[in-house]
Asker: 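For reference, the structure I am asking about is given below.
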Amino acid sequence: MRWNSGLPLSHICFLLVGLGGVLKATGFKICAYNVEKFDKAKLANYRAVHTLTKVAAGCNIILLQEVIDPDSAVVNKLLASINRYCEREKHRYEGHTYKAVSSKELGKSPGDMQKYVFIYRDDTAKVMGQYQVQDKQSFAREPFVVEFECPKTAIKKFVLVPLHTDPDRAVQEMDKLYDVFQDIVKKWNNKNVMFLGDFHASCAHMTKKDKKKIRLFTNTTFHWLIKDKVDTTISEDTTCAYDRMVVYGTTFLKSIKPYSANVFNVGKTFKIPRSQVEQLSGHHPIEVTLKNHGLLLRSTSPLLLLSFVVVVRSLVASL
């Protein structure tokens with residue numbers, strides 16, 4: 001094969017690699033993780049915190065559940081760990097800075113008070129509004145509703161609604177999320193809503209028959225991103241899709257990168273044993289990636305695009 005482009009092969013490779021980097025769509029990642037009684041004692045476990053730090057640093061927004069933090073010290077120290085890690089790993093995370101927004105303490109009894117915590121990259125996400133659902137009769141831990149504005153995503157503005165159900169009332173609590181959705185639309189006029197968290201939406205807590213009692217299933221405008229056969233637990237003794245993400249409408253669904261909703265296998269990704277991962281949680285984090293705003297080629301340098309055209313034409317002519 002002869003190169004008739006007039007350009008050195010090294011320049012051609014450089015242009016192709018450069019364009020490949022521009023066209024690579026990393027997207028915007030939303031994660032949810034039940035960290036199972038994450039309190040000051042677990043915060044003292046360096047390995048557990050380091051694992052959680054790396055997981056959070058890979059997400060634009062991550063929901064944490066079962067955070068036991070009455071004085072906000074746990075969240076503040078975790079944030080400091082994440083931001084130090086991103087600062088050290090500038091080549092990978094570009095010096096990102098994370099912030100947090102938390103619910104009040106929620107629970108059925110004084111000995112079981114937990115928070116929902118959203119940790120988010122402040123250069124890609126902005127909190128536009130928040131409120132706490134007040135319905136202790138329907139929920140063991142009422143949803144904490146947060147509206148985010150994310151200009152770099154295809155959807156731009158959306159609402160995240162976490163829920164960690166009581167296992168014994170999982171079906172009833174999941175059904176009541178439909179009423180929460182209606183309240184959000186009435187309050188904020190925003191139908192771009194995602195419900196996420198540990199719903200216990202599998203195995204003995206939710207059967208096929210139970211789906212008929214849950215309006216988020218019977219109303220087909222809601223889309224369950226994490227499917228029934230996905231295992232969100234770490235134990236080899238269980239295969240249950242407890243942790244879920246559900247979005248309303250085709251607008252939100254079309255803004256999601258296809259096949260990106262799944263579990264994040266912490267042990268496999270970070271090459272650490274299951275026993276170490278289980279020090280943090282018996283759940284896998286779940287994740288989904290939103291598409292970037294617009295076609296990536298629109299933001300590509302015209303000079304780079306012209307160079308790419310020249311290279312392609314030259315390669316074709318040389319064949």
Side-chain angles (χ1 to χ4, degrees), residues 27-33 56 59-65 67 72 75 79 96-106 114-135 138-139 141-165 173-174 176-199 215-216 219 221-226 243-257 260-261 286-294:
F28 183 103
K29 188 177 289 188
I30 298 174
C31 310
Y33 200 2
C59 306
N60 294 79
I61 300 174
I62 183 169
L63 162 69
L64 302 181
Q65 301 148 84
V67 178
S72 299
V75 171
L79 267 180
H96 300 153
T97 301
Y98 283 81
K99 293 183 178 179
V101 58
S102 305
S103 72
K104 66 179 184 179
E105 290 185 281
L106 304 163
Q114 308 169 8
K115 288 182 177 181
Y116 297 117
V117 179
F118 285 104
I119 295 177
Y120 62 96
R121 272 181 51 188
D122 65 353
D123 62 324
T124 60
K126 181 180 179 181
V127 174
M128 302 300 293
Q130 59 181 282
Y131 72 91
Q132 180 68 63
V133 172
Q134 302 291 334
D135 189 355
S138 299
F139 299 102
R141 291 166 283 269
E142 303 101 307
F144 175 57
V145 183
V146 182
E147 185 177 46
F148 287 95
E149 183 177 55
C150 306
K152 296 181 181 179
T153 67
I155 201 167
K156 294 187 176 64
K157 188 180 289 187
F158 52 85
V159 180
L160 298 183
V161 186
L163 179 65
H164 178 204
T165 68
E173 290 193 24
M174 279 185 280
K176 291 296 290 186
L177 287 177
Y178 185 83
D179 298 325
V180 174
F181 171 77
Q182 291 184 314
D183 290 340
I184 292 168
V185 174
K186 182 178 179 180
K187 185 179 182 70
W188 285 338
N189 192 31
N190 189 345
K191 293 184 178 181
N192 297 326
V193 177
M194 176 188 290
F195 299 100
L196 68 171
D198 178 7
F199 295 174
R215 284 170 285 176
L216 263 64
N219 187 326
T221 54
F222 290 93
H223 305 279
W224 290 67
L225 305 181
I226 305 295
D243 305 84
R244 301 295 188 106
M245 291 175 166
V246 182
V247 298
Y248 174 83
T250 56
T251 299
F252 209 148
L253 186 64
K254 289 180 179 179
S255 73
I256 292 171
K257 184 178 178 182
S260 65
I286 53 174
E287 62 180 13
V288 70
T289 302
L290 304 186
K291 296 176 183 176
N292 289 329
H293 171 55

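Owing to the predicted nature of the structure, the values given are computational and were not obtained by experimental measurement.
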Asker: Is there a donor-acceptor pair under 3.5 Å between the side chain of Thr153 and the backbone N or O of Cys150?
Answerer: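 Checking the backbone N and O of Cys150 against the side chain of Thr153, a donor-acceptor pair under 3.5 Å is found.
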
Asker: Can you give me the closest heavy-atom contact between Arg215 and Lys176, atom names plus distance?
Answerer: NH2-CA, 4.2 Å

Asker: With a 4.5 Å heavy-atom cut-off, do Phe158 and Ile61 have their side chains touching?
Answerer: yes

Asker: Locate the shortest heavy-atom distance separating Phe139 from Val180; write the atom from each residue and the value.
Answerer: CZ-CG2, 3.9 Å

Asker: Give a yes or no answer on whether the side chain of Gln132 reaches the backbone of Pro143 with a donor-acceptor pair at less than 3.5 Å.
Answerer: yes

Asker: Closest approach of Cys31 and Leu196, non-hydrogen atoms and distance?
Answerer: O-CD1, 4.1 Å

Asker: So, do Asp123 and Thr97 sit near enough that their side-chain heavy atoms are less than 4.5 Å apart?
Answerer: no

Asker: Do the side chain of Gln65 and the main chain of Gly197 share a donor and acceptor less than 3.5 angstrom apart?
Answerer: no

Asker: Start with the C-alpha gap between Ile62 and Tyr98, add the side-chain angles, then the distance that decides, and say whether side chain to side chain contact (heavy atoms under 4.5 Å, CB included) holds.
Answerer: CA-CA 10 Å; Ile62 183 169; Tyr98 283 81; 6.0 Å; no

Asker: Tell me whether Lys191 contacts the main-chain N or O of Phe252 through its side chain, where contact means a donor paired with an acceptor under 3.5 Å.
Answerer: no

Asker: State, yes or no, whether a side-chain contact exists between Val288 and Met194 at a heavy-atom distance under 4.5 Å.
Answerer: yes

Asker: Give, for atom CD1 of Ile286 and atom CG of Asp243, the distance between the pair rounded to the nearest 0.5 Å.
Answerer: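 Output value for this atom pair is 5.0 Å.
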
Asker: Grab the two heavy atoms, one from Glu173 and one from Ser138, that are nearest each other, plus how far apart they are.
Answerer: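 Distance-wise, the nearest heavy atoms are CG-O, 3.2 Å.
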
Asker: Do other residues, nucleotides or ligands put more than 12 heavy atoms under 6.0 Å from the NZ atom of Lys104?
Answerer: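 For Lys104, atom NZ is crowded (more than 12 foreign heavy atoms under 6.0 Å).
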
Asker: Side-chain contact test, heavy atoms from C-beta onward, threshold under 4.5 Å: evaluate it for Lys126 versus Pro151 and give yes or no.
Answerer: no

Asker: Please check if the side chain of Arg141 supplies one atom and the backbone of His164 the other of a donor-acceptor pair under 3.5 Å.
Answerer: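 Yes, because the side chain of Arg141 sits within donor-acceptor range (under 3.5 Å) of the backbone of His164.
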
Asker: Going through the checks in order, is the side chain to side chain contact (heavy atoms under 4.5 Å, CB included) test met by Val117 and Phe144?
Answerer: CA-CA 9 Å; Val117 179; Phe144 175 57; over 6 Å; no

Asker: Distance from His96 atom NE2 to Thr124 atom OG1, nearest 0.5 Å?
Answerer: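 The distance works out to 7.5 Å.
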
Asker: Return yes if some donor-acceptor pair links the side-chain N/O of Ser103 with the main-chain N/O of Tyr116 below 3.5 Å, else return no.
Answerer: yes

Asker: In terms of relative ring orientation, are Tyr178 and Phe222 parallel, tilted or perpendicular, with 30° and 60° separating the classes?
Answerer: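 Ring orientation of Tyr178 relative to Phe222: perpendicular.
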
Asker: List the atom of Leu79, the atom of Ala100, and the distance in Å for their closest heavy-atom pair.
Answerer: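 The answer is CD1-CB, 3.6 Å.
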
Asker: About how many Å separate NZ of Lys29 and CZ of Arg121, when rounded to the nearest 0.5 Å?
Answerer: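 Spacing of CZ (Arg121) from NZ (Lys29) equals 11.5 Å.
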
Asker: Evaluate the side chain to side chain contact (heavy atoms under 4.5 Å, CB included) criterion for residues Asn192 and Lys157: first the C-alpha distance (whole Å), next the side-chain angles of each, then the deciding distance (0.1 Å), finally the verdict.
Answerer: CA-CA 7 Å; Asn192 297 326; Lys157 188 180 289 187; 5.8 Å; no

Asker: Check whether any side-chain heavy atom of Leu160 lies under 4.5 Å from a side-chain heavy atom of Leu63, and answer yes or no.
Answerer: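 Not touching, per the 4.5 Å side-chain cut-off.
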
Asker: Looking at every heavy atom in both Val146 and Val127, which two are closest together, and how far apart are they?
Answerer: CG1-CG1, 4.0 Å

Asker: Sub-3.5 Å donor-acceptor pair from the side chain of Asn60 to the main-chain atoms of Ile30, do we have one?
Answerer: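 Pair absent, no side-chain N/O of Asn60 close to backbone of Ile30.
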
Asker: Start with the C-alpha gap between Leu163 and Phe195, add the side-chain angles, then the distance that decides, and say whether side chain to side chain contact (heavy atoms under 4.5 Å, CB included) holds.
Answerer: CA-CA 7 Å; Leu163 179 65; Phe195 299 100; over 6 Å; no

